[in-house]
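Every heavy atom of this structure was used, including side-chain atoms; hydrogens, water molecules and symmetry mates were not. Whatever order the structure lists them in is the order used to number ligands and atoms, beginning at 1.
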Amino acid sequence: MPSPAVITMQSLCRYYEMGDQLVKALDDVSLAFEPNGYAAIMGPSGSGKSTLMNIIGCLDTPTSGTYILNGENVAQMDDDELARVRNREIGFVFQTFNLLPRLNCLQNVELPLIYAGVEPEERRERAESALGRVGLQDRIAHRPSELSGGQIQRVAIARALINTPSIILADEPTGNLDSTTSHDIMEIFSELSRAGNTIILITHEEEIALYTKRIIRLRDGRVESDERR
Ligand SMILES: Nc1ncnc2c1ncn2[C@@H]1O[C@H](COP(=O)(O)OP(=O)(O)OP(=O)(O)O)[C@@H](O)[C@H]1O
Ligand SMILES: [Mg+2]
């Protein structure tokens, strides 16, 4: 029996009006993801990958179409409701979400829990455990400037895991990393996938996409191919 989808998108469109020009960043996209789906989104620059990721991550809403996340219609939510769903369900590993340079690893990872009002002792325990999961238990007192690129990316993953989200979204998580480090990062995602998380990542690299179980290719805002492996 197939597992129920956590994510169902029907005829999603995201249009931008630029003067008298209409940019169809997403144009009639329908996709579903199972609870432990593990997918790569690929496609040329400007094909709509980040736009799709922002909608999946509840940072943006579609111009038209439906987006059902764990039974809730996200397409119709206001900003407060989006923020609530985002905090509860989603962990982001975005390259642009930089770590705070003055905070050490532990403090960076703890940050989402401070916003969530979790007590200091529990925060520390959970942050240490998240750093342990990405193999950085011996670097908790280091600041980002005292870490390698791969270690920084692993801190970002630990931070994304701290609220135990069901969905982990990553935009080019291995960009700028050497192949050994990329492999280590992808092993972490594979393990999270086996643990039941839904993982969706954007990548330009075919070798990286091959770690996943599904490759979705976008072109001009549309799904060009959707290959399960
Ligand atoms: N805020 C915006 N206003 C107007 N047009 C936008 C906006 N954001 C994105 N677009 C347009 O929508 C299209 C899709 O953009 P998107 O950022 O999703 O592409 P992408 O596939 O992530 O590309 P890249 O690989 O370069 O990151 C592009 O043509 C872009 O110019
Ligand atoms: Mg992008």
Would you mind checking if Glu72 and Arg84 are paired as a salt bridge, meaning a charged N to carboxylate O distance below 4.0 Å?
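Answer for the salt bridge query: yes.
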Quiz: residues 216-223 side-chain donor-acceptor pairs under 3.5 angstrom, not counting sequence neighbours:
residue: Arg217; atom: NH1; partner: Glu206; partner atom: OE2; Å: 3.0
residue: Arg217; atom: NH2; partner: Glu206; partner atom: OE1; Å: 3.3
residue: Arg219; atom: NE; partner: Glu224; partner atom: OE2; Å: 2.7
residue: Arg222; atom: NH1; partner: Asp27; partner atom: OD2; Å: 3.1

Donor on one side chain, acceptor on other, Asp184 and Thr181, under 3.5 Å
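Distance-only check fails for Asp184 and Thr181.
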With no hydrogens and no angle check, just 3.5 Å: does a side-chain donor-acceptor pair link Thr66 and Gln10?
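Gln10 and Thr66 do not have a side-chain donor-acceptor pair below 3.5 Å.
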Measure the distance from [atom] to every protein heavy atom, then report the residue, atom name and distance (to 0.1 Å) of the closest one.
atom	answer
atom 26 (O) of ligand 1	Ser45 OG, 2.6 Å
atom 30 (C) of ligand 1	Val23 CG1, 4.7 Å
atom 17 (O) of ligand 1	Ser50 CB, 3.8 Å
atom 9 (C) of ligand 1	Tyr16 CE1, 3.7 Å
atom 13 (C) of ligand 1	Gly46 O, 3.6 Å

Over all heavy atoms of both residues, which pair between Pro165 and Asn197 is shortest? Give the atoms and the distance, please.
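What the structure gives for the nearest pair is O-ND2, 2.7 Å.
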Is there a donor-acceptor pair closer than 3.5 Å between any side-chain N or O of [X] and the backbone N or O of [Y]?
X	Y	result
Thr198	Ile168	no
Glu122	Glu119	no
Lys213	Ala39	no

Pro44: numbered ligand 1 atoms lying under 4.0 Å from its heavy atoms
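Listed by number with element, the hits are 21 (O).
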Could you list the atoms of ligand 1 found under 4.0 angstrom from a heavy atom of Thr51?
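Those atoms are 14 (C), 15 (O), 16 (P), 18 (O).
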Metal proximity, Ser50 vs the Mg ion (ligand 2), N/O/S cut-off 2.8 Å
yes
Any atom of ligand 1 sitting under 4.0 Å from a heavy atom of Ser47?
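True for this residue.
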Closer than 4.0 angstrom: is that true for some heavy atom of Gly221 and an atom of ligand 1?
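Contact check Gly221 vs ligand 1: negative.
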Establish, yes or no, whether the cationic atom of Arg214 lies under 6.0 Å from the six-membered ring centre of Phe33 and within 45° of the ring axis.
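Checked: cation-pi criterion met.
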Measure from atom 15 (O) of ligand 1 to the protein's non-hydrogen atoms and state whether any distance is below 4.0 Å.
yes
Heavy atom of protein inside 4.0 Å of atom 28 (C) of ligand 1, strictly below:
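Within 4.0 Å: yes, protein heavy atom nearby.
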Test of proximity, Gly48 against ligand 1: N or O pairs below 3.5 Å:
yes
Counting heavy atoms only, name the option from Lys49, His204, Lys24 that's nearest to atom 21 (O) of ligand 1.
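Shortest heavy-atom distance from atom 21 (O) of ligand 1: Lys49.
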